[in-house]
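The block underneath contains the structure these notes are about, expressed in structure tokens.
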Amino acid sequence: MPTVSVGRDRLFAALGRTYSQEEFEELCFRFGIELDDVTTEKAIIRKEKHLEEEADEDEEVIYKIEVPANRYDLLCLEGLAQALRIFNKQEATPCYKLTNITKESMHKMHVKPETSSIRPYVVCAVLRDITFDEASYNSFIDLQDKLHQNICRRRTLVAIGTHDLDTLEGPFTYEALPPTAINFVPLKQTKSFRADELMEFYKSDLKLKKFLHIIEKSPIFPVLFDRNRTVLSLPPIINGAHSAINLKTKNVFIECTATDLTKANIVLNTMVTIFSALCKKKFEIEPVEVVYSDGKSSIYPELSLYNMEVSLSYITNCIGVSLEAEEVTSLLNRMQLHAKQSMSGDKSSITISVPPTRSDVLHACDVMEDVAIAYGFNNIPKSKPASLQPLPLNEFSDLIRAEIAMTGFTEVLTWILCSYKENFSMLKREDDKSTAVIIGNPRSTDFEVVRTSLMPGLLKTVGHNKDHPKPIKLIHGLVDRIMEVIGAPFVSVGVETGYYIKCSDNPEFLTGRQAHIIYNGKKIGTFGIVHPEVLNNFDIPDPCSFVELSIESFL
């Protein structure tokens, strides 16, 4: 889950009271988040630089708080403090609204058709008469970084640009041009670059180089201009220096370019709803009209409430407690959901209006979960469902596991994913392009394919435990013992009832020292002496035998 670092004293000031660490941990638990660590900013720096200096008494205490991955409104102190105040009944859920201006008075963003081939969507809004202090300004910038890493998927889906509106002049245009046709001074620089030159320049930048791949191979780059052809940004890489915001900025123009319009709306709504609290007219956002080349237009941000109706019986039955409709609505209001009782036929139900801050609420189960959180998980009585029964496969596997463990074998739990090399060439197997599921974008070479047998993981385990006392006995063996336990008789080849073995020809085993296990006429496994070349591939110096069985075949 994402971790949000906030200053303890500033957080307590926003909450209107001071907590002991134990009290705050309890509040976090009741709200469904967790205080992960307590540190200081200087301690973080000392840890990064491996310094052993003693801490100062006046160092600011930092709380690192884990929040749910889909609660984007909790990714900064302002959103987190607001949610906790509402949870504590210190204030009501805000009602966000658009500034009441005519369509003709709105700023306009004109979208050129060329953008459809690289980054087709853009949504915009204005925060008017905003007042930053140093802490809130840093939080505003940090929230963008958090969103970029989270819902924006490292800017591949959405990129956020924030600008000092007073340095620009509308209307604005969103275009896609050849990189040689784009020239501007980027943020934190003093000289002008062509866009293709910027790609080379930022290849040595530790932060920005990881975003270059998103557009660098495209013949056209997305770019935003104002009326005077001043570049606002080159998304998703960098903003222009001309419109950079600072502590004195009063009017912020926010644009989000995207390949996913739904995600773009969530990101824009998160930014403007949280920081509209700093505007002169709190919780009011100035809209922007986005006009497309075909004449169609949309007004952003979309702050309309999402209405849904949930049965009261569904909520109470899922949680396992009996609650009245009035109590349920009160609990939901504490979770920033506007709720009221309604009737659906002869059944009581709850009508919920979901605000733009709660993009995570999509289904009745999300509403039920919020009721459970506000009610308190510790207050829900423990009970065992009468119908709870183990799955036959799990029950049978437990019996087999216990039998083999009692004979002195060791259980090994290995990854479902393995490397492509381990699954094929290291086992002397050929890839027929239909056996293994290949992972499209693996995080490392250790997790490239879904294993097609247990063998790679087990041999890898043995290879990493060469110093373990011999013999190393793993649980995937003892064919005769397993068959005896389940009552399967050994029969002659060709007999349909019982089990027998017949020669196999798998490349991972020695020729003539391997066999298939046939049970009730079907192949359920293989065993044999592992080929020395395979053992060498896994760095195993000792001879090994290997058995693999499909337990499901016995059900």
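None of the values given here were measured: they were computed from a predicted structure.
The structure places CD1 of I319 at 10.0 Å from CD of E369, a figure rounded to the nearest 0.5 Å. To the nearest 0.5 angstrom, C256 atom SG is 15.0 Å from Y121 atom OH. Between atom CZ of residue F554 and atom CG of residue N520 there is a gap of 9.0 Å, rounded to the nearest 0.5 Å. Here CD of E197 is found 12.0 Å from OH of Y202. Values are rounded to the nearest 0.5 Å.
Among pairs with a residue in residues 494-523, those fulfilling salt bridge (charged side-chain N to carboxylate O under 4.0 Å, His left out) read R429-E508, at least two apart in sequence or across chains. Among residues at least two apart or in separate chains, side-chain hydrogen bond (donor to acceptor under 3.5 Å, both in side chains) pairs with a member in residues 254-265 are R119-T257, H163-E255, S233-E255.
Under the 3.5 Å distance criterion, the side-chain polar atoms of S425 are left unmatched by any main-chain donor or acceptor of K428. The backbone N or O of N150 lies less than 3.5 Å from a partner atom in the side chain of R153, making a donor-acceptor pair. A donor-acceptor pair under 3.5 Å is absent between the side-chain atoms of S139 and the main chain of A135, judged by distance alone. For N423 (side chain) and A436 (main-chain N/O), no donor-acceptor pair under 3.5 Å exists by modelled atom type. Distance alone, capped at 3.5 Å, is enough to place a donor-acceptor pair between the N465 side chain and the T461 backbone. A donor-acceptor pair under 3.5 Å links the side-chain atoms of E23 to the main chain of S20, judged by distance alone. Listed for the R451 side chain is a donor-acceptor partner under 3.5 Å among the backbone atoms of W415. A donor-acceptor pair is defined here as one N or O able to donate and one able to accept, closer than 3.5 Å; such a pair exists between the side chain of H148 and the backbone of I160. The main-chain N or O of Y375 is found under 3.5 Å from a side-chain atom of N379 such that the two form a donor-acceptor pair.
Side-chain contact of Q514 with S504: a donor-acceptor pair under 3.5 Å is present, judged by distance alone. Under the 3.5 Å distance criterion, with hydrogens and angles disregarded, a donor-acceptor pair is assigned to the side chains of Y420 and D431. When only modelled atom types and interatomic distance are considered, T435 and D432 share a side-chain donor-acceptor pair under 3.5 Å. Side-chain contact check for N183 and S192: at least one donor-acceptor pair (N or O, by modelled atom type) lies under 3.5 Å.
For F184 and F193, the distance between ring centers is not under 6.0 angstrom.
For L555, the CG atom sits in a packed shell: over 12 heavy atoms of surrounding residues, nucleotides or ligands are nearer than 6.0 Å. Heavy-atom neighbours of E552 CD from other residues, nucleotides or ligands within 6.0 Å: at or below the threshold of 12. Other residues, nucleotides and ligands contribute at most 12 non-hydrogen atoms within 6.0 Å of the NZ atom of K421.
A side-chain hydrogen bond (donor to acceptor under 3.5 Å, both in side chains) with R358 holds for exactly one of N269, D370, D366; it is D370. Remark: of the listed residues I65, V67, V4, I274, V67 is the sole one forming a side-chain contact (heavy atoms from CB on, under 4.5 Å) with L74.
A salt bridge links E78 and R10; the closest N-O separation between the charged side-chain nitrogens and carboxylate oxygens is under 4.0 Å. The pair D145-K207 meets the salt-bridge criterion, since a charged nitrogen lies less than 4.0 angstrom from a carboxylate oxygen.
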Problem - Check against side chain to side chain donor-acceptor pair (under 3.5 Å), Y72 and D360 - result: CA-CA 8 Å; Y72 313 115; D360 59 300; over 6 Å; no
Exercise for the section: Dump the intermediate steps for side chain to side chain contact (heavy atoms under 4.5 Å, CB included) on F29 and E34, then the final yes or no. Expected result: CA-CA 6 Å; F29 177 79; E34 182 180 358; over 6 Å; no
Exercise for the section: Take D196 and R194 through the test salt bridge (Lys or Arg N to Asp or Glu O under 4.0 Å) and record every step on the way to the result. Expected result: CA-CA 6 Å; D196 55 333; R194 284 202 323 265; 2.9 Å; yes
Practice task
Run the numbers on F546 and F527 for ring pair (Phe, Tyr, Trp, His ring centres under 6.0 Å), then give the verdict.
Solution key: CA-CA 5 Å; F546 177 85; F527 70 94; over 10 Å; no
Handout entry: Stepwise side chain to side chain donor-acceptor pair (under 3.5 Å) check, T526 with E548
Key = CA-CA 6 Å; T526 307; E548 184 168 341; over 6 Å; no
Practice task
List the steps, then state whether side chain to side chain contact (heavy atoms under 4.5 Å, CB included) holds for L80 with L77.
Solution key: CA-CA 5 Å; L80 180 63; L77 182 145; 5.7 Å; no
Practice task
Go through I62 and V6 one step at a time and tell me if the side chain to side chain contact (heavy atoms under 4.5 Å, CB included) criterion holds.
Solution key: CA-CA 6 Å; I62 302 293; V6 297; over 6 Å; no
Exercise for the section: Begin with the C-alpha distance, continue with both residues' side-chain angles, and end with the deciding distance and a verdict on side chain to side chain contact (heavy atoms under 4.5 Å, CB included) for F201 and Q189. Expected result: CA-CA 11 Å; F201 180 74; Q189 299 298 322; 3.7 Å; yes
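Contact annotation: the side chain of S545 never approaches that of V530 to less than 4.5 Å [non-hydrogen atoms, C-beta and beyond]. Residues E448 and I438 form no side-chain contact, since every pair of their non-hydrogen atoms from C-beta on lies 4.5 Å or further apart. Side-chain contact between K203 and L208 is absent, with no heavy atoms from C-beta onward closer than 4.5 Å. Side-chain contact check for E114 versus L177: every heavy-atom pair is 4.5 Å or farther apart. V158 is not listed as a side-chain neighbour of L268, based on a closest heavy-atom distance of 4.5 Å or more. Counting only heavy atoms from C-beta outward, the side chains of V491 and T497 never approach each other to under 4.5 Å. Annotation: side chain of V437 is not in contact with side chain of V449 (no heavy-atom distance under 4.5 Å). Two residues are said to be in side-chain contact when any heavy atoms from C-beta on lie closer than 4.5 Å; I141 and Q144 meet this criterion.
The aromatic rings of Y499 and F490 sit perpendicular, their planes meeting at an angle over 60°, well past the 30° parallel limit.
Pairing each heavy atom of Y500 with each of S492, the nearest pair is CD2-O, 3.6 Å.
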